[in-house]
Asker: 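Pasting a structure here, questions to come.
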Amino acid sequence: MRWMSPRSTSGRLPAPLQRLKDKLTKENLWLYVLSILRERPAYPYEISDLIEERFGWRPARVTAYIVMRSLKSKGYVKMSKRKGEDTGKMRNYYEITESGRKLLDEGLSFLENTLESLKRESGKEGSG
């Protein structure tokens with residue numbers, strides 16, 4: 001699914017919409033990383049490709065490495081060395097921990113509740 005949104009006449013997103021997109025994507029990359037790792041262990045190099053494939057936008061590779069390192073230091077993911085299925089080379093694979101699952105669930109719940117509140121409140125136009 002590609003990110004689709006209205007464009008201004010200049011072809012760029014309006015500034016408020018661009019800020020929202022940035023906040024919900026690259027500034028909260030941990031949500032996407034943990035979502036992917038919930039499905040299966042992955043190595044950092046492939047994370048950017050998987051995010052683009054599944055969510056329609058591509059984070060910088062170095063950013064994905066930094067986020068995964070941060071998640072590991074906080075105990076949300078763990079790392080193990082394994083042979084890569086594609087090349088047979090030893091790679092550092094990351095997998096989500098139980099605390100990472102809990103963090104992801106809480107983050108998704110927060111987003112769902114926020115969206116529902118916005119929808120509910122925006123539907124009250126003209127009623128007051």
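Here the structure is a predicted model, which is why all the values come from computation and not from measurement. We're numbering straight along the sequence, starting at 1. Basis for what follows: all heavy atoms, side chains included, without hydrogens, waters or symmetry-related copies.
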Asker: Should L34 and V77 count as side-chain neighbours, where that means a heavy-atom distance under 4.5 Å?
Answerer: yes

Asker: Does the side chain of T97 come within less than 4.5 Å of K72's, by heavy atoms?
Answerer: no

Asker: Looking at R54 and E39, is any side-chain nitrogen of the basic one under 4.0 Å from a carboxylate oxygen of the acidic one?
Answerer: yes

Asker: Out of curiosity, L37 CG to R101 CZ, how far, rounded to the nearest 0.5 Å?
Answerer: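 Interatomic distance, L37 CG to R101 CZ, rounded to 0.5 Å: 9.5 Å.
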
Asker: Would you name the heavy atoms of R120 and S117 that are closest together and state the gap between them?
Answerer: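 Closest pair (atom of R120, atom of S117, distance): NH2-OG, 3.2 Å.
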
Asker: Would you kindly confirm whether L71 and I51 end up in one hydrophobic cluster when ILVMFWY residues are joined by side chain heavy atoms under 4.5 Å apart?
Answerer: yes

Asker: Would you mind reporting whether Y43 and M68 have side-chain heavy atoms less than 4.5 Å apart?
Answerer: no

Asker: Mind checking the CZ-CD spacing from R58 to E53? Nearest 0.5 Å is all I need.
Answerer: 10.5 Å

Asker: Is there a chain of hydrophobic side chains (I, L, V, M, F, W, Y, each step under 4.5 Å between heavy atoms) that links I66 to Y45?
Answerer: no

Asker: I need the E112 CD to T114 OG1 distance, nearest 0.5 Å.
Answerer: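 Output value for this atom pair is 10.0 Å.
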
Asker: Would you say the side-chain atoms of R38 and S35 include a donor-acceptor pair closer than 3.5 Å?
Answerer: no

Asker: Would you say the rings of Y32 and W57 are close, in the sense that their centroids are separated by under 6.0 Å?
Answerer: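 For W57 and Y32, the ring centres are under 6.0 Å apart.
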
Asker: What verdict does the side-chain contact (heavy atoms from CB on, under 4.5 Å) test give for D49 and R61, after you've listed the backbone C-alpha separation in whole Å, the side-chain angles of each residue and the deciding distance to 0.1 Å?
Answerer: CA-CA 9 Å; D49 294 337; R61 286 202 197 279; 3.2 Å; yes

Asker: Of the non-hydrogen atoms in P41 and E46, which two are nearest, and what is the gap between them?
Answerer: O-OE2, 4.4 Å

Asker: Between G75 and S99, which heavy-atom pair has the shortest distance, and what is it?
Answerer: O-OG, 2.8 Å

Asker: Does some side-chain heavy atom of F55 sit less than 4.5 Å from a side-chain heavy atom of I36?
Answerer: yes

Asker: Which residue in the set T63, L29, V67, V33 passes side chain to side chain contact (heavy atoms under 4.5 Å, CB included) when paired with I47?
Answerer: V33

Asker: With a 4.5 Å limit on heavy-atom distance, are the side chains of K78 and I96 in contact?
Answerer: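 Heavy-atom side-chain distance check fails, nothing below 4.5 Å.
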
Asker: Any side-chain heavy atom of S109 within less than 4.5 Å of one from N113?
Answerer: yes

Asker: Decide side-chain contact (heavy atoms from CB on, under 4.5 Å) for L115 and L111; before the verdict, give the C-alpha distance in whole Å, the side-chain angles of both, and the deciding distance to 0.1 Å.
Answerer: CA-CA 6 Å; L115 183 58; L111 287 173; over 6 Å; no

Asker: Are L20 and L13 packed together at the side-chain level, in the sense that at least one heavy-atom pair is separated by less than 4.5 angstrom?
Answerer: no

Asker: If you compare all heavy atoms of P44 against all heavy atoms of Y65, which two are closest, and at what distance to 0.1 Å?
Answerer: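 Here P44 and Y65 meet closest at CB-CE2, 3.3 Å.
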
Asker: So do K81 and R91 actually touch side chain to side chain, heavy atoms under 4.5 Å?
Answerer: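 They are not in side-chain contact.
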
